[in-house]
Trainee: 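Take this structure, written in structure tokens, and hold onto it; I'll ask about it next.
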2 protein chains.
Amino acid sequence: MRTLPAPMREKVLAAADLIAEHGLDATKMEDIAASTGVPKATLYYYFEGKEEILTFLFTEILDEVRQAVAGALQSGGTAAQRLEATIVAHLRVFERFPMASRALQFDLGRAARIPLIAERTDAAFVNPVRDLLVEGVLDGSLREMDHPTLVATAILGAVTTTGINALTIQPRRQLRRVATELVRFVLAGVTA
Amino acid sequence: MRTLPAPMREKVLAAADLIAEHGLDATKMEDIAASTGVPKATLYYYFEGKEEILTFLFTEILDEVRQAVAGALQSGGTAAQRLEATIVAHLRVFERFPMASRALQFDLGRAARIPLIAERTDAAFVNPVRDLLVEGVLDGSLREMDHPTLVATAILGAVTTTGINALTIQPRRQLRRVATELVRFVLAGVTA
DNA sequence: ACCAGTGTAGACTCAGAGTCCAATCTTCAT
DNA sequence: ATGAAGATTGGACTCTGAGTCTACACTGGT
């Protein structure tokens with residue numbers, strides 16, 4: 001993939017809408033060309049193929065997540081409080097990029113097989129949260145866990161599934177309500 | 001989709017392995033034909049198209065989930081105890097049908113757009129769990145929640161993401177360990 | 001002016017989904 | 001047994017869409 005000039009980058013990002021609607025495989029290169037205004041030949045000039053366009057979109061959004069999470073991690077307070085901030089930050093990304101998020105969800109399974117994407121997911125969310133869980137044991141705000149990575153994965157699953165459902169598929173719910181309920185679930189579970 | 005005779009059903013189920021490996025779109029009808037022993041023309045005689053084969057596989061596995069969950073719900077005890085049984089039952093399905101589960105994960109986003117599948121997912125897991133959460137408030141074993149459906153969705157996300165990761169992608173972990181950690185997370189969260 | 005990299009049109013190849021149909025086999029009621 | 005209805009299949013066919021290729025134009029730097 002060649003480095004995209006800024007205007008091209010913007011245009012290609014708009015392809016997320018199209019892909020979010022039908023998924024990558026049902027989206028024709030010609031459609032992407034038509035809707036973004038970038039000719040097909042030019043798309044192939046910049047990208048190796050269709051899947052690389054998907055990779056580009058996903059790395060962009062995962063970079064947003066990474067930044068948002070990194071910001072939340074520096075927000076001070078106990079590990080528990082930073083975990084809360086992390087979850088809210090993650091949800092905000094869904095809210096800010098609903099179409100790209102839906103696209104991500106649509107081709108999530110495929111994305112998991114693209115090594116670059118799997119790596120970025122870990123870097124953006126799973127690893128920081130795992131570290132935070134470990135840290136929380138030390139500062140006493142979180143309980144001990146046998147497999148922090150597993151729990152971090154579970155949190156990722158809970159946040160993405162709920163977030164995408166609530167915020168992009170049925171976007172009526174307020175971010176705040178979703179966040180509140182979800183944070184309480186992650187922190188305190190469901191036991192009375 | 002015509003009703004499949006039993007032997008045909010068995011053969012087509014074997015296609016899950018193929019689809020799990022590369023996803024539906026990268027799997028050729030000819031390959032499905034070759035690997036299952038059912039000729040292409042016959043596949044088109046029974047199914048409208050490739051996606052209907054996916055639908056068939058998913059309804060099969062969701063039916064397993066539905067039965068497993070239904071069984072767990074009848075196991076007696078408090079709502080909290082039955083929730084635990086439900087999660088374990090769900091994980092066992094992943095363990096019993098690893099390939100079909102991976103296929104499901106691969107094309108999960110697409111599956112969510114197939115109305116029949118979305119409906120079955122709700123029927124198999126989300127709705128029963130939501131009801132269980134409500135019930136738990138009544139019997140005092142679970143805390144009150146503003147949006148039980150949202151929490152049920154979060155639990156689904158946590159269980160599927162973790163389950164598929166731990167049991168079918170890196171199948172080294174024992175079901176019991178995964179289940180224990182995950183159940184504790186769902187019930188008690190991560191707070192100290 | 002010349003060159004290198006950028007950007008584009010449009011024709012082309014090729015794989016694979018889905019269609020069609022004739023031929024054969026099964027089943028089962030009469 | 002016989003014929004109708006449906007199941008099953010081989011194999012050729014159509015069509016769509018990904019990706020390739022090439023010629024051409026435009027740009028900025030030297």
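Sequence lines set the chain letters: A, B, ... in the order given, protein chains first and strands last, and positions in each chain run from 1.
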Trainee: To the nearest Å, how far apart are B/Leu43 CG and C/dG16 C1'?
Mentor: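 Spelled out: CG on B/Leu43 to C1' on C/dG16 is 14 Å.
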Trainee: Rounding to an integer number of Å, can you tell me how far A/Leu54 CG sits from D/dA18 C1'?
Mentor: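 One finds 15 Å between C1' of D/dA18 and CG of A/Leu54, rounded.
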Trainee: Suppose we screen for ring pair (Phe, Tyr, Trp, His ring centres under 6.0 Å). Which residues come up paired with B/Phe125, at least two apart in sequence or across chains?
Mentor: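 B/Phe125 satisfies ring pair (Phe, Tyr, Trp, His ring centres under 6.0 Å) with B/His90 only.
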Trainee: Measuring from B/Ile53:CD1 to B/Glu51:CD, what's the distance to the nearest 0.5 Å?
Mentor: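 Taking CD1 in B/Ile53 and CD in B/Glu51, the distance rounds to 11.0 Å.
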Trainee: Report, as a single string ordered 5' to 3', how protein heavy atoms within less than 4.0 Å touch nucleotides 20-28 of chain D: B base, S sugar-phosphate only, - not at all.
Mentor: B--------
Trainee: In whole angstrom, what separates B/Lys50's NZ from D/dT16's C1'?
Mentor: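 These atoms are roughly 14 Å apart.
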Trainee: Quick one: pull up CG in A/Leu142 and CZ in A/Arg82 and give me the separation to the nearest 0.5 Å.
Mentor: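 Answer for the CG-CZ pair, A/Leu142 versus A/Arg82, is 9.5 Å.
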Trainee: Between D/dG11 atom P and B/Met29 atom CE, what is the distance in whole Å?
Mentor: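 Taking atom P of D/dG11 as the reference, CE of B/Met29 is at 18 Å.
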Trainee: Can you check nucleotides 3-5 of chain C for protein contacts, nitrogen or oxygen pairs under 3.5 Å, and list what you find?
Mentor:
none

Trainee: Please list, one pair per line, the donor and acceptor atoms closer than 3.5 Å that link side chains of residues 19-32 of chain B to other protein atoms, with sequence neighbours excluded.
Mentor:
unit_1  : atom_1 : unit_2   : atom_2 : d
B/Asp25 : OD1    : B/Arg110 : NH2    : 3.2
B/Asp25 : OD2    : B/Arg110 : NH2    : 2.2
B/Thr27 : OG1    : B/Gly23  : O      : 2.6

Trainee: Heavy atoms within less than 4.0 Å of DNA chain C: which residues of residues 18-28 of chain B have one? Give them sorted by number.
Mentor: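 Within residues 18-28 of chain B, the residues near DNA chain C are B/Thr27, B/Lys28.
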Trainee: Restricting to non-hydrogen atoms, name the atom on B/Leu13 and the atom on B/Phe56 that form the minimum distance, rounded to 0.1 Å.
Mentor: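 Closest approach of B/Leu13 to B/Phe56, heavy atoms only: CD2-CE2, 4.0 Å.
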Trainee: Identify the pairs formed between an N or O of the protein and an N or O of nucleotides 22-26 of chain C at a distance under 3.5 Å, and give each distance.
Mentor:
none

Trainee: Return whichever of B/Lys11 or A/Gly49 has its heavy-atom-nearest nucleotide of DNA chain D closer to the 5' end.
Mentor: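 Whichever sits nearer the 5' end wins; that is B/Lys11.
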Trainee: Can you tell me how far apart CD1 (A/Ile61) and CE (A/Met99) are? Round to the nearest 0.5 Å.
Mentor: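 Spacing of CD1 (A/Ile61) from CE (A/Met99) equals 11.5 Å.
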Trainee: Just how far is it from atom CD1 of A/Ile114 to atom CG of A/Leu54, taken to the nearest 0.5 Å?
Mentor: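 That separation rounds to 5.5 Å.
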Trainee: State, to 0.1 Å, how close A/Gly49 and A/Tyr44 come at their nearest heavy-atom pair, and which atoms those are.
Mentor: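 Taking every non-hydrogen atom into account, CA-CE2, 4.1 Å.
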Trainee: Inspect the surroundings of CD in B/Gln67 and state if more than 12 heavy atoms from other residues, nucleotides or ligands are less than 6.0 Å away.
Mentor: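 It does: B/Gln67 CD has more than 12 such atoms within range.
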Trainee: Can you tell me the distance, in whole Å, between the CD atom of A/Glu30 and the C1' atom of C/dT8?
Mentor: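 It works out to 15 Å between those atoms.
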Trainee: Are B/Leu91 and B/Val159 packed together at the side-chain level, in the sense that at least one heavy-atom pair is separated by less than 4.5 angstrom?
Mentor: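 Touching, per the 4.5 Å side-chain cut-off.
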Trainee: Nearest 0.5 angstrom please: A/Asp107 CG to B/Leu108 CG, how far?
Mentor: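 Going from the CG atom of A/Asp107 to the CG atom of B/Leu108 covers 11.0 Å.
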Trainee: If you round to the nearest 0.5 Å, how far is CD of B/Glu48 from CZ of B/Arg2?
Mentor: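 Atom-to-atom, B/Arg2:CZ and B/Glu48:CD are 9.5 Å apart.
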Trainee: How close do B/Ala68 and B/Val93 get, heavy atom to heavy atom, and via which atoms?
Mentor: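 The answer is CB-CG2, 3.9 Å.
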